[in-house]
Amino acid sequence: MTGSFADRFAAVRAARGPLVWGLDPSGKLLEDWGLGDTPDGLDRFADLVVPVAADTIGLVKPQSAFYERHGWRGLRTLARLIEQARAAGLLVIADTKRGDVGSTNDAYAAAYLGPEAPFAADAVTVHPYLGLGAMGAFVSRAHESGACVLIVTRSSNPEGRDIQAARTPGPDGRTVEEHLLGEIGRLNDKLAPGALGPAGAVVAPAPPSPELPELPLTSMNGLFLAPGIGAQGYRPQDVKQTFAACPDRVMPAASRSLLAAGPDPSRLRDAVGAMAAEFR
């Protein structure tokens, strides 16, 4: 990889906009597309979507679970999709949401980050709830290889609020999500002083409300992945409001709402291109 992920994203954003296309081939989608919910159908899905993405946008986000469910052949398809997408000039976010401790994290990080990784992606998503310090293997590999670790902070599902809005002990009584942003910011200041660091945050594009207080986003010194555009109800206007203080650092992501236009490549190009234009 050349340069940092933040630098590569800035170049992609300037050329094609920030939209991330989630490549999530559920069993239902494969059947609806007439491909069959089989490893062969999954292969055909990858063959269809990578050229469309390369023609229209700059970032894709395969959710690994949809490939893993097809066993070793699904993993082979995931590896091929990542390799071909990157060869076509796309940035690839591996949506794995891993997160463990010790040697297990070392193994997860080795699978997805770095030039020798079998699923070498530009960025990877992780869960931090075993402690941000336990994500050291991910962060160090990302820093060394010019990749990015995107840490789930405020998720797009309502079930996450009980944990993410819980108050931490101490005099300031910050919420878990506020604490995470602060920790990510300190980590980035240490690793990339004066620049956007290798650690970012997954933050739902939900404008501030009494139930969702405004987060100190600008203090994090990193990039944001904003999931749930379209099918989960979030709109471009929500992204604009939520990230008004740092619009050039957000990667809005849509999956089901775009895949619904398939399998015809021309219709997919039109749908992806139209949404990409809304974010440029």
Side-chain angles (χ1 to χ4, degrees), residues 16-37 41-42 44-46 48-50 52-53 55-70 74 78 81 85 90-97 123-125 127 150 152-161 164 200-209 211-212 223-243 250-280:
R16 291 196 162 185
L19 180 65
V20 181
W21 185 13
L23 303 181
D24 302 348
S26 67
K28 183 179 185 306
L29 181 92
L30 293 175
E31 292 289 356
D32 288 348
W33 279 22
L35 304 176
D37 184 18
L42 186 69
R44 290 192 289 271
F45 170 85
L48 277 168
V49 296
V50 171
V52 172
D55 286 346
T56 51
I57 53 170
L59 301 95
V60 293
K61 182 176 67 67
Q63 164 51 258
S64 62
F66 291 111
Y67 301 83
E68 293 166 6
R69 64 186 287 270
H70 289 281
L78 177 61
L81 184 152
L90 294 160
L91 297 182
V92 177
I93 300 171
D95 194 359
T96 63
K97 296 190 177 72
V124 64
T125 59
H127 277 300
L150 295 161
V152 177
T153 302
R154 174 179 282 179
S155 59
S156 56
N157 65 308
E159 298 90 344
R161 297 309 303 148
Q164 295 155 17
V202 179
V203 173
S209 68
E211 295 76 27
L212 290 167
L223 296 173
F224 297 94
L225 177 66
I229 308 300
Q232 288 182 265
Y234 296 117
R235 304 163 300 151
Q237 184 62 28
D238 296 320
V239 175
K240 182 177 180 180
Q241 287 182 249
T242 304
F243 300 96
V250 60
M251 300 176 286
S255 177
R256 284 172 288 168
S257 56
L258 297 176
L259 292 170
D264 180 72
S266 63
R267 290 186 60 205
L268 280 169
R269 286 188 183 90
D270 289 345
V272 176
M275 184 175 286
E278 293 188 66
F279 286 104
R280 289 197 188 104

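For the atom pair D95 CG and I93 CD1, the distance stands at 8.5 Å (nearest 0.5 Å). The line from CD of E278 to CD1 of I229 is 10.0 Å long, rounded to the nearest 0.5 Å. Atom NZ in K28 sits 12.0 Å away from atom CG in L259 (nearest 0.5 Å). Distance check, rounded to the nearest 0.5 Å: NE2 of H70 to CG of L42 gives 5.0 Å. Summarising the geometry, atom CG belonging to L225 is positioned 9.5 Å from atom OG belonging to S156; distances are rounded to the nearest 0.5 Å. Distance check: L48 CG to L268 CG gives 7.5 Å after rounding to the nearest 0.5 Å.
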Worked check of side chain to side chain contact (heavy atoms under 4.5 Å, CB included) between L23 and Q63: CA-CA 7 Å; L23 303 181; Q63 164 51 258; over 6 Å; no
Check against side-chain hydrogen bond (donor to acceptor under 3.5 Å, both in side chains), Q164 and S155: CA-CA 8 Å; Q164 295 155 17; S155 59; 2.9 Å; yes
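Residues satisfying the salt bridge (Lys or Arg N to Asp or Glu O under 4.0 Å) criterion with D270, sequence neighbours excluded, are absent altogether.
Side chains of P62 and L78 form a contact here, defined as non-hydrogen atoms less than 4.5 Å apart. Using a 4.5 Å heavy-atom threshold, the side chains of L212 and R161 count as touching. Contact check for F224 versus T153: no side-chain heavy atoms found under the 4.5 Å cut-off. Side-chain contact between V250 and V239 is present, with at least one heavy-atom pair separated by less than 4.5 Å. Side-chain contact between Y67 and P25 is present, with heavy atoms from C-beta onward closer than 4.5 Å. Between P252 and P18, some side-chain heavy-atom pair lies under the 4.5 Å cut-off. Looking only at side-chain heavy atoms (C-beta outward), L30 and F45 come within less than 4.5 Å of each other. Taking 4.5 Å as the limit, some side-chain heavy atom of V49 sits within range of a side-chain heavy atom of W21.
Remark: K240 does not engage D238 in a salt bridge, criterion side-chain N to carboxylate O under 4.0 Å. Taking 4.0 Å as the cut-off between side-chain N and carboxylate O, D55 and R16 do not count as a salt-bridged pair.
Annotation for F243 and A226: closest pair CE1-CB, 3.8 Å, computed over non-hydrogen atoms. Shortest non-hydrogen contact noted between T242 and A204 is CG2-O, 4.0 Å. Taking all atoms of both residues into account, the shortest heavy-atom contact from K61 to A253 is CE-CB, 3.9 Å. Closest heavy-atom contact between A254 and M275: CB-SD, 3.5 Å. Among all heavy-atom pairs drawn from I57 and A276, the shortest one is CG2-CB, 3.8 Å.
The side chain to side chain donor-acceptor pair (under 3.5 Å) pairs that include a residue from residues 252-262 are D24-S255, where partners are two or more places apart or lie in different chains.
Without hydrogens or angle criteria, W33 side chain to G41 main chain gives no donor-acceptor distance under 3.5 Å. A donor-acceptor pair is defined here as one N or O able to donate and one able to accept, closer than 3.5 Å; such a pair exists between the side chain of T125 and the backbone of T96. A donor-acceptor pair under 3.5 Å links the side-chain atoms of E31 to the main chain of D37, judged by distance alone.
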